[in-house]
Amino acid sequence: MHESERLPSPNSTTHTLKVWKEPILKFIFKATIVGLVVGLFISLFRMAVTEALHLVKDMFGYVQLHLIWVPVLIAGALLLAWVIGLLIKSDPLIKGSGIPQVEGQLVNELHMNWLSVFIKKFVGGTLAIGSGLFLSREGPSIQLGAALGQGIHRLFGNRSVFEEKFLLTCGASAGLSAAFNATLAGVLFVLEEGTNRDPDRNWQQGRKSVYS
């Protein structure tokens with residue numbers, strides 16, 4: 001039998017598995033790393049917001065019994081608004097929920113500095129939500145997760161835009177899942193917001209990140 005006859009055809013299942021096995025394993029490994037890191041930091045974000053809310057609640061209770069501190073409370077609120085305003089001015093991409101910004105990245109309409117967005121969104125989100133404003137942690141958790149996904153992609157030294165979008169989506173879905181302990185919601189987010197270039201691989205990565 002000739003050597004050429006023993007080699008698998010480029011269109012055969014064996015050839016396809018050999019070609020895709022290594023990249024898929026790398027994607028799954030990186031997606032798992034993203035899920036673990038995002039889960040850790042979003043848990044810290046939840047804890048920070050919860051502690052801040054408890055502090056603010058106790059503060060309002062104290063001021064209600066000691067009205068002399070009302071001017072101090074108002075001054076503190078103004079100072080808090082000023083600090084949050086400075087954070088937004090320094091990086092406008094952290095304002096709002098953060099979900100439109102993530103969607104903009106996925107369609108190449110926005111580009112963010114992941115480290116700046118992560119730090120300032122973490123601090124700004126904690127101050128805004130923790131101060132008692134009528135806000136949800138869903139959007140910030142998604143953007144924080146997306147920023148971490150992008151950051152991990154950069155730390156691996158890979159310049160692939162395709163992989164960056166996938167890990168960004170993995171981070172966003174893991175952030176949503178960690179924010180509410182809702183694994184299924186994270187998986188559905190992957191299907192809803194993920195790129196459509198390779199749905200099967202996108203599903204696989206998102207599931208690994210969310211479960212991590």
Side-chain angles (χ1 to χ4, degrees), residues 30-31 33-53 55-56 75-180 186 189-190 192-195 206 209:
K30 291 179 181 180
I33 296 297
V34 169
L36 292 171
V37 173
V38 171
L40 171 63
F41 280 99
I42 298 303
S43 296
L44 293 176
F45 179 66
R46 289 177 57 183
M47 290 173 58
V49 169
T50 301
E51 290 301 318
L53 284 171
L55 178 62
V56 169
L78 293 175
L79 177 62
L80 187 65
W82 179 70
V83 171
I84 295 174
L86 286 180
L87 291 173
I88 294 175
K89 186 177 181 179
S90 64
D91 196 336
L93 291 180
I94 69 169
K95 65 182 178 181
S97 71
I99 297 177
Q101 289 88 325
V102 174
E103 293 175 342
Q105 283 186 274
L106 292 175
V107 295
N108 295 322
E109 291 184 359
L110 292 175
H111 301 280
M112 73 176 182
N113 181 328
W114 72 270
L115 186 58
S116 172
V117 167
F118 174 75
I119 294 175
K120 294 172 183 177
K121 189 74 172 187
F122 193 103
V123 175
T126 301
L127 294 177
I129 302 174
S131 63
L133 294 179
F134 191 69
L135 301 169
S136 169
R137 62 176 181 264
E138 174 189 0
S141 297
I142 289 175
Q143 189 176 21
L144 287 171
L148 286 173
Q150 183 183 14
I152 291 173
H153 165 78
R154 299 286 175 84
L155 292 177
F156 274 114
N158 195 319
R159 297 292 181 180
S160 169
V161 176
F162 180 79
E163 180 179 312
E164 182 176 13
K165 286 186 177 182
F166 271 124
L167 293 185
L168 188 149
T169 305
C170 289
S173 61
L176 175 60
S177 179
F180 297 104
F189 180 84
V190 174
E192 179 185 359
E193 301 295 344
T195 57
S209 295

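Please read all numbers here as calculations on a predicted model, not as lab measurements.
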Give every donor-acceptor pair under 3.5 Å between a side-chain atom in residues 45-52 and any protein atom, sequence neighbours left out.
from	atom 1	to	atom 2	distance (Å)
Arg46	NH1	Ala178	O	2.8
Arg46	NH1	Asn181	OD1	3.3
Thr50	OG1	Arg46	O	2.8

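- Atom CG of residue Leu127 and atom CG of residue Leu80 lie 5.0 Å apart, to the nearest 0.5 angstrom.
- Between Val161 and Lys165, some side-chain heavy-atom pair lies under the 4.5 Å cut-off.
- Closest approach of Ala147 and Val117 over heavy atoms only: CB-CG1, 4.4 Å.
- Using a 4.5 Å cut-off on side-chain heavy atoms (C-beta onward), Ile129 and Pro140 make contact.
- Of the inter-residue distances, the one linking Leu87 atom CG with Phe122 atom CZ reads 13.0 Å to the nearest 0.5 angstrom.
- Residues satisfying the side-chain hydrogen bond (donor to acceptor under 3.5 Å, both in side chains) criterion with Asp91, sequence neighbours excluded, are Ser116.
- Using a 4.5 Å heavy-atom cutoff, the side chains of Lys30 and Glu163 are in contact.
- If you take CD1 on Ile84 and CG on Leu79, they are separated by 10.0 Å, rounding to the nearest 0.5 Å.
- Applying the side-chain hydrogen bond (donor to acceptor under 3.5 Å, both in side chains) criterion to Gln101, with sequence neighbours excluded, gives no partner residue.
- Residues satisfying the side-chain contact (heavy atoms from CB on, under 4.5 Å) criterion with Val37, sequence neighbours excluded, are Ile33, Phe41, Leu148, Ile152.
- With sequence neighbours left out, the side-chain contact (heavy atoms from CB on, under 4.5 Å) criterion links Leu115 to Asn113, Ile119.
- Note that NZ of Lys89 and CD1 of Ile94 are 13.5 Å apart. Values are rounded to the nearest 0.5 Å.
- Remark: Phe156 CZ to Glu164 CD distance equals 13.5 Å, nearest 0.5 Å.
- Among pairs with a residue in residues 128-138, none fulfils side-chain hydrogen bond (donor to acceptor under 3.5 Å, both in side chains), at least two apart in sequence or across chains.
- By the 4.5 Å heavy-atom criterion applied to side chains, His111 and Gln105 are not counted as neighbours.
- The shortest non-hydrogen separation linking Ala179 to Ser141 is CB-OG, 3.3 Å.
- Results of the side-chain contact (heavy atoms from CB on, under 4.5 Å) test with Lys121 over Lys95, Gln143, Met112 single out Gln143 as the only residue that passes.
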